[in-house]
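Taking it in order: structure first as structure tokens, then the write-up.
Computed from a prediction, not measured in an experiment: that's the story for all the values here. Residue indices begin at 1 and follow the sequence shown.
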Amino acid sequence: MEIAYWILAGLLALFYVYSGGIKVVQSQDKLRPMMAWVDQVPMPLVRAIGALEVLGAVGLILPPLTGIVPALALAAAIGLVLIQVGGIVTHVSRGETKVIGLNIGLLLAAAITAWLWSF
């Protein structure tokens with residue numbers, strides 16, 4: 001179970017460092033082709049979501065790796081689940097049901113990571 005946790009947590013961390021990082025540093029114009037929803041959300045909120053994604057990625061890896069408050073990994077995984085719930089709600093409210101596959105996959109991966117951590 002530990003190996004499965006590290007594989008899944010590592011993949012999620014890579015995804016969220018990239019995804020969150022671009023939300024934090026790129027302009028609305030550069031984000032728009034990848035994320036049409038940024039037009040309806042204030043940029044400070046987009047930046048906050050990006051920062052939470054990066055913090056979630058760090059939380060999946062750093063606490064278990066260092067042994068310092070390793071329970072934060074569970075909190076990070078749950079936080080990433082909640083971010084994807086918000087993403088699904090946003091896409092459905094915009095009528096973009098065809099693009100929620102990635103959100104559902106990330107939600108499931110984060111939920112499985114939380115489950116694996118509990119063992």
Side-chain angles (χ1 to χ4, degrees):
M1 292 289 202
E2 187 174 346
I3 293 171
Y5 171 82
W6 282 110
I7 291 169
L8 196 51
L11 291 172
L12 280 172
L14 286 173
F15 177 85
Y16 280 113
V17 164
Y18 173 74
S19 174
I22 63 171
K23 288 178 185 108
V24 170
V25 299
Q26 288 191 348
S27 69
Q28 187 175 28
D29 291 333
K30 288 187 178 180
L31 291 173
R32 190 175 297 115
M34 297 176 283
M35 304 168 207
W37 57 270
V38 298
D39 285 338
Q40 293 182 334
V41 176
M43 277 309 288
L45 181 56
V46 173
R47 303 257 188 254
I49 292 167
L52 289 171
E53 289 177 349
V54 171
L55 287 172
V58 171
L60 288 176
I61 302 299
L62 202 54
L65 191 63
T66 63
I68 301 171
V69 195
L72 287 177
L74 178 61
I78 293 169
L80 293 173
V81 166
L82 295 175
I83 286 174
Q84 290 311 313
V85 168
I88 291 168
V89 169
T90 299
H91 287 304
V92 169
S93 71
R94 291 173 42 90
E96 300 171 340
T97 55
K98 292 182 180 179
V99 298
I100 64 171
L102 177 62
N103 298 93
I104 292 169
L106 291 169
L107 184 147
L108 291 173
I112 292 168
T113 302
W115 178 75
L116 287 170
W117 179 251
S118 64
F119 280 101

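- We find the CD1-CG distance between Ile49 and Leu45 to be 4.0 Å, quoted to the nearest 0.5 Å.
- The hydrophobic clustering, which links ILVMFWY residues whose side-chain heavy atoms are closer than 4.5 Å, places Leu72 and Ile68 together.
- Remark: Ile104 CD1 to Ile88 CD1 distance equals 5.0 Å, nearest 0.5 Å.
- Linking ILVMFWY residues whenever their side-chain heavy atoms come closer than 4.5 Å, directly or via other members, leaves Leu74 and Ile3 in distinct clusters.
- Counting only distance, with no hydrogens or angles, the side chain of Ser19 and the backbone of Phe15 share no donor-acceptor pair below 3.5 Å.
- In this structure, Val99 and Trp37 have side chains that are not in contact, with every pair of non-hydrogen atoms separated by 4.5 Å or more.
- Of the candidates Met34, Arg47, Met43, Met35, Met35 is the only one forming a side chain to side chain contact (heavy atoms under 4.5 Å, CB included) with Lys23.
- Between Tyr16 and Leu106, some side-chain heavy-atom pair lies under the 4.5 Å cut-off.
- Residue Ala76 comes nearest to Gly59 through the heavy atom pair CB-C, 3.7 Å, listed as atom of the first residue, atom of the second, then distance.
- Taking 4.5 Å as the limit, some side-chain heavy atom of Ile83 sits within range of a side-chain heavy atom of Glu53.
- Note that CD1 of Ile100 is 10.5 Å distant from CD of Glu96, once rounded to the nearest 0.5 Å.
- Proximity of Leu80 to Leu60: side-chain heavy atoms (C-beta onward) are separated by under 4.5 Å at one or more points.
- Nearest heavy atoms, Val81 versus Ala110: CG2-CB, 3.6 Å.
- In the hydrophobic clustering of this structure, Leu52 does not group with Val58; members are Ile, Leu, Val, Met, Phe, Trp, Tyr whose side-chain heavy atoms approach within less than 4.5 Å, directly or through other members.
- Grouping the Ile, Leu, Val, Met, Phe, Trp and Tyr side chains by contacts below 4.5 angstrom, directly or via other members, places Tyr5 with Leu65.
- The cluster map of Ile, Leu, Val, Met, Phe, Trp and Tyr, joined by side-chain heavy atoms under 4.5 Å apart, puts Val85 and Val92 in the same cluster.
- Atoms CG and CG, on Leu62 and Leu55 in that order, are 11.0 Å from each other to the nearest 0.5 Å.
- Summarising the geometry, atom CG belonging to Leu116 is positioned 12.5 Å from atom CH2 belonging to Trp6; distances are rounded to the nearest 0.5 Å.
- The structure places OG1 of Thr113 at 10.5 Å from CG of Leu108, a figure rounded to the nearest 0.5 Å.
- Scanning all heavy atoms of the two residues, the minimum distance from Pro70 to Trp117 falls at O-CZ2, 3.2 Å.
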